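Each remark here refers to the structure printed beneath this line.
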Amino acid sequence: MRWMTFFIMAGLASAWSQENLPALPYAENALEPYISAKTLSFHHGKHHKAYVDKYNELAAKAGMSSLTLEQAMRKTAGVADQAGLFNNAAQSWNHDFFWKCMKPAGGGVPSGRLLDLINESFGGFEKFKQVFVDAGLGQFGSGWVWLVAEDQELKVVKTANADNPLVRNLRPLLVCDVWEHAYYLDYQNRRKDFLTVFLENLVNWEFAASQLP
Ligand code: MN3
């Protein structure tokens, strides 16, 4: 009887895979002075956690708990009565990706094939930086600014709220969160300063290069 209970529980556990809040890939104070431990503590421990918790709740209600976040995003994108599920799946995915796009002593200039593609697509690395910062500044309200690959061409795109380029078949290489909660404690209304610091001091270009198709 006890074994039967065990197998039933094990079966439920495999079909019912709750998302866990992924750990930050560095300590909360590792990005100082550019992003404070206080910002990372709230952004990861409160905002990101809330998206994961809400996603788990909505996915369970919709019978989608066995899907990965990416599968859930693709299934619910553009479906009006699944907007809550899409938003929380995408925000969970986007934040996990965003943490990986930064590292202590990051920034600088990428190398190898990624730098070649940036030069070909934007006409130089400095031009890419300008396009990226302008797109982040031009995103009215909350959203994200991305470097994406479409075949062998790289593009900068911005998305509003939770939206993610994956559901438009673009491959994300790099993202910066331009919701105010990402920078307000450290930069207040100076989003341009945050975007500039992100590129010059925080970007993990090795991670971005690892995402190339
Ligand atoms: Mn955020």
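As the structure lists them, so they are numbered: ligands from 1, and atoms in each ligand from 1. All figures in this text were calculated on a predicted structure; none of them were measured in a lab.
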For the pair Phe97 and Phe207, evaluate ring pair (Phe, Tyr, Trp, His ring centres under 6.0 Å) and give the outcome as yes or no after the intermediate values.
CA-CA 10 Å; Phe97 194 79; Phe207 174 75; 5.3 Å; yes
Is Glu180 salt-bridged to Arg191, going by a charged N under 4.0 Å from an acidic O?
no
At their closest point, which heavy atom of Tyr55 faces which heavy atom of Ala72, and how far apart are they?
OH-CB, 3.4 Å
In the protein, N/O/S atoms that are found under 2.8 Å from the Mn ion (ligand 1), waters not counted:
His43 NE2, His95 NE2, Asp177 OD2, His181 NE2
Give a yes or no on this: more than 12 heavy atoms of other residues, nucleotides or ligands lie within 6.0 Å of atom CG of Asp151.
no
State yes or no: are the ring centers of Tyr51 and His95 separated by less than 6.0 Å?
yes
So that I know where these two stand, are Tyr183 and Tyr34 an aromatic pair - ring centroids less than 6.0 Å apart?
no
